[in-house]
Structure formats: structure tokens, C-alpha cells
Amino acid sequence: MKIGGAIRVPGDKSITQRALLLAALGGGTSTLRGALSSLDTRAAARVLRSLGAGVSPLRDGRVVRVAGRRRFAPPPSALDCRNSGTVARLLLGLLAAHPFSALVTGDRSLRRRPMGRVTEPLAAMGARFEGDAGHLPIRIRGGALRPLRCQLPVSSAQLKSALFLAGVAGAVPVAVREPEGRSRDHTERMLRAFGYSVTEDGGWIAFEPDGRLSSFDFTVPGDFSSAIFLAGAAVLAEAGSLRITGVGLNPTRTGALQVLGRMGAQLAAEPMADVLGEPAGDLVVAPSALIGTTVGAGEIPGLIDEIPMLAVLASRASGHTTFRHVGELRVKESNRLALIADNLRAVGGRAEVCGDDLHVDGTDRPPRGRVRTDGDHRIAMAFSVLGTLRGARIAVDDPDCAAVSYPGFASALRAVGGRR
Ligand code: S3P
């Protein structure tokens, strides 16, 4: 396959969701340009409308306007976050400070994911939960909150952000410490842009409720976690080069660049101006012969969503690749850890899970077989990229689930040359 041209990927999912939530809780009308329009972000918009905010339709290429409400109104029905862990967890944080009862739920995959990591510290702040608060559906009743200082059980941006957003909505200080590596810091950057102090000292990240959410006009950069799939296709290609333009290059998101660099990938980031505190630029990628590497536990939070693509690339590298301490992948949109290993084996590769580590051996045999996604968008996209190799015969059971984060992924892959 020959790769070529320049392409833009859709807006960043994490940043779009945070911008929607903060705009809905702010005053006045905010404007979002380049926002992601996907199943996950549309779920966020629907939930915010039920809480009284005005959110214009999310459509590809359309500017989104959000009329904020300062305080949310009691929702008329259950708040369905569909497949989105970010929406569910950040929303629980915001609801913790609202004096009404709300039922938060999601699809089958989201109802399986752990929520106790969020509801326990929120309960310590003063939120009340009815029944089992370990899994959705969860009924929360918020109210006046107490300050929180909390050592987090996992390095998770969703957890950290939920607690900071409770601090914003409840006007109380919140300090957290992550155990291993730094998770993405979009929330911290946005809160600083609203004048809040968010400081770091000895591993503690401390938020003070000294800012104010005002309306804003914001351009969302492209999603690095979507760009990685096209970059993966370019690395596996036989000739050409690909430019992916306007991608978010926040250093807490781009750990995959260092790993791919160690593996021998020809991949360069060309940073441009920051967009409201978020670095962005172009990625330029060329076909490359890869070698195996070890990805350390401290690197994992910075590339958590890129592991499906990295593992697939590792299956085409010479030698052995180990991803250490990736147990968190068991509680993503699917049991992603098991699915990566099972699917690599299903297409003729060698991969195994030992404890919390993932081991992958490279091969140059054409990959052939059936891939089970369990509706996980990143599994679908990673194995679709593997299917672009010469001689590959891969059947992905649900390629359309890519629309959770990257609507139009299949045509983007074809456009850059990734046909079989
Ligand atoms: C996200 C954080 C990550 C990531 C998810 C989006 C976010 O989850 O996997 O896709 O927007 O904060 P964790 O923070 O739970 O690791």
C-alpha cells in the first residue's frame, strides 16, 4: 500500500466533552469550533440539554453554541451517557454539588465499568448515593460539599476531572495525587484558563475555587487518539508519507510518539501555536521497519488509548514488545486487554497477558482471521489498520462502532491510501 496526502482528523473527544460540560455550567453563550460530533459527544449534548443547558446540534464541521445555566435544573428523566465513561464520571462530579436527585445510566458496556472510584470520594465530599454506587445506573443526590484531599487508586483523568469539577460546582478546594504516571491534564488547563488556581507540588495537584466559569470561544484541536490510527496505517505502508494536520499535541497525551520513536518509526511532530493552552500541530509519518520495545508502567497513562494501535504495530515489529501494568485496559469500553491479545492471536499473531502485562511478538506473516470488537471503537480501528497490509484478510465484526470517536474513519483510511 502507498500512503499519501494530508488529512485532518475530527476534534478531540476529551476536550470537546470538557468544553461542553464547562460551557453548560458557565454563564452566557459559548462557541465551540472544531468540536467532535460523534456518538459519545452527542450523548454529552443530550444529557446537558436534560439539565437545562441549550446545546445546538453537533454536526460535522458546524460551530456548536452552548447556552450555559450557571446551575443545572433537575432532569425530567434518567441521564443516559451511552458509551461514554468520561461523560458519566465528569457528570457525577458536577451533580455532586447540585441539590436534587438524578439517575445516571449508560449502555451495556458503560454499566459494566467501575464507578466506585468516583462515587467513593464524592461521597466523602458529601454527595449521597442510593443503593449500589459501584456501577451504573446510579442515583445521586448532591448538595453542599466539603473540601477533599485524596490519594487516587488509579491514575485516571476521568476520576481526577470528576473531583475537580465537583470542586468547581461546589466551590470547594480539591487536591489529588495519582499513583503511577500523569494522566491527561485538559481539565487543569481549562480551569486555569477560567482563572482558577491549579498548582502542582510533590505529586499533589491542588484546585482552588477562586476562578469563575465565563462564556468562551474555543477551537478544539484534532484528536491525537484518532490520528494514531492513520499514523499506524502510514507506518505499516510500503511507500509515501502522510501529514495529519491540526492535531492536539498535549504532552500528557502523546506518549505514543516516544514509544514509536523507540520502535524506529519515522514520525515527526511539528508543533504550531497553542490553542487556548492546548498545544497543537501536524504529524508527519512515513513507512518504517519497527523493532520491539518495553513500555513502562509510568508511560501508560500518557498513551492509554493508543495501546490497541501500538500493540497491533508491535505485532509487525521484529522482536518482543511488553506493555507493563496495563490492567486498567480491562475496564475500558471493552475488556480491551483480553480483546487485544485474543484478536492478535485470532489473526495469526503471538500475544499473551501475564498478570497485568501484555506481551506481543512480531511476525511478518500476512494477518488473517476474524476480529471481535465487543463494540469497542479503538479495537475496530486498530485491526482495520492491520487489514491494510498486503495479503491481509481480516474481518472486523463491527467496523461501524468506530463512530463512537471517529465517524468516517473507514473513508479516511481509504482516502489516505489504506485500501487492501
Ligand atoms: C479520558 C481519560 C481516559 C481515556 C478515555 C478518556 C478523559 O480514561 O481512556 O478515553 O477524557 O478523561 P481514564 O482517565 O479513566 O484512564
Side-chain angles (χ1 to χ4, degrees), residues 10-22 35-36 38-41 43-44 81-94 106 109-110 112-119 121 136 152-166 176 178-191 205 220-221 223-229 248 250 252-256 278 297-310 323 325-337 339-340 356 375-382 401-402 404-406:
D12 187 279
K13 180 151 77 78
S14 291
I15 296 177
T16 300
Q17 283 160 330
R18 285 160 173 74
L20 289 171
L21 292 167
L22 291 173
L36 172 66
S38 77
L39 296 179
D40 266 13
T41 57
C81 305
R82 308 277 172 112
N83 196 243
S84 177
T86 304
V87 176
R89 294 185 173 124
L90 272 56
L91 185 68
L92 284 167
L94 291 174
S109 145
L110 189 56
R112 188 186 64 85
R113 299 178 66 184
M115 293 292 150
R117 53 177 65 178
V118 179
T119 54
L136 300 181
L152 304 182
V154 277
S155 297
S156 156
Q158 293 181 355
L159 171 50
K160 175 179 66 176
S161 304
L163 301 176
F164 287 153
L165 292 188
V176 301
E178 299 193 289
E180 210 157 41
R182 275 294 305 276
S183 67
R184 62 193 66 186
D185 68 354
H186 304 302
T187 304
E188 293 94 304
R189 286 173 189 253
M190 283 189 188
L191 292 179
I205 314 170
V220 180
D223 199 326
F224 182 84
S225 299
S226 296
I228 193 72
F229 297 107
N250 178 319
T252 61
R253 289 288 298 281
T254 52
E278 286 287 348
E299 293 184 283
I300 300 302
L303 47 76
I304 186 78
D305 290 341
E306 286 63 70
I307 296 173
M309 188 69 253
L310 291 175
F323 297 87
H325 292 201
V326 287
E328 193 57 18
L329 293 180
R330 293 195 175 93
V331 291
K332 289 293 174 191
E333 287 85 328
S334 65
N335 180 345
R336 208 172 257 175
L337 182 54
L339 274 188
I340 291 171
D356 281 344
D376 185 327
H377 53 137
R378 300 198 205 281
I379 295 287
M381 289 189 274
C401 68
V404 161
S405 61
Y406 195 160

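Atoms within a ligand are numbered from 1 in the order they appear, just like the ligands themselves.
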To which protein heavy atom is [atom] closest, and what is the distance rounded to 0.1 Å?
atom: atom 14 (O) of ligand 1; result: Ala157 N, 2.7 Å
atom: atom 11 (O) of ligand 1; result: Ser14 OG, 2.7 Å
atom: atom 15 (O) of ligand 1; result: Ser156 OG, 3.0 Å
atom: atom 10 (O) of ligand 1; result: Asp305 OD2, 2.7 Å

Exam field: side chain [X] to backbone [Y], donor-acceptor pair closer than 3.5 Å:
X: Ser155; Y: Pro301; value: no
X: Glu178; Y: Ser183; value: yes
X: Thr41; Y: Ser38; value: yes
X: Thr16; Y: Leu36; value: yes

side-chain hydrogen bond (donor to acceptor under 3.5 Å, both in side chains) with Ser14: of His186, Gln158, Arg184, only one passes, and it is Arg184
Is there a side-chain contact (heavy atoms from CB on, under 4.5 Å) between Asn83 and Leu110 once you walk through the steps?
-> CA-CA 6 Å; Asn83 196 243; Leu110 189 56; 5.6 Å; no
In terms of side-chain geometry, is the basic nitrogen of Lys332 or Asp376 positioned less than 4.0 Å from the acidic oxygen of its partner?
-> no
State plainly whether the residues Glu188 and Arg18 are in salt-bridge range, i.e. N to O under 4.0 Å.
->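 Between Arg18 and Glu188 there is no salt bridge, as every charged N stays at least 4.0 Å from the carboxylate O atoms.
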One residue to check: [X]. Relative to ligand 1, which of side chain, backbone, both or neither has a non-hydrogen atom less than 4.0 Å away?
X: Arg184; value: side chain
X: Lys332; value: side chain
X: Arg378; value: side chain

Would you mind listing which atoms of ligand 1 come within a distance below 4.0 Å of any non-hydrogen atom of Ile304?
->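 The atoms of ligand 1 under 4.0 Å from a heavy atom of Ile304 are 9 (O).
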Counting heavy atoms only, name the option from Arg89, Gln158, Arg113, Arg336 that's nearest to atom 2 (C) of ligand 1.
->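 It is Gln158 that holds the nearest heavy atom.
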Measure from atom 12 (O) of ligand 1 to every heavy atom in His186, Arg18, Glu178, His377 and give the option owning the shortest one.
->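 Residue with the shortest heavy-atom distance to the ligand atom: Arg18.
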Any Lys160 heavy atom less than 4.0 Å to ligand 1 |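 The answer is no, since Lys160 has no heavy atom less than 4.0 Å from ligand 1.
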N or O pair under 3.5 Å between Thr86 and ligand 1 |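 So ligand 1 has an N or O lying under 3.5 Å from an N or O of Thr86.
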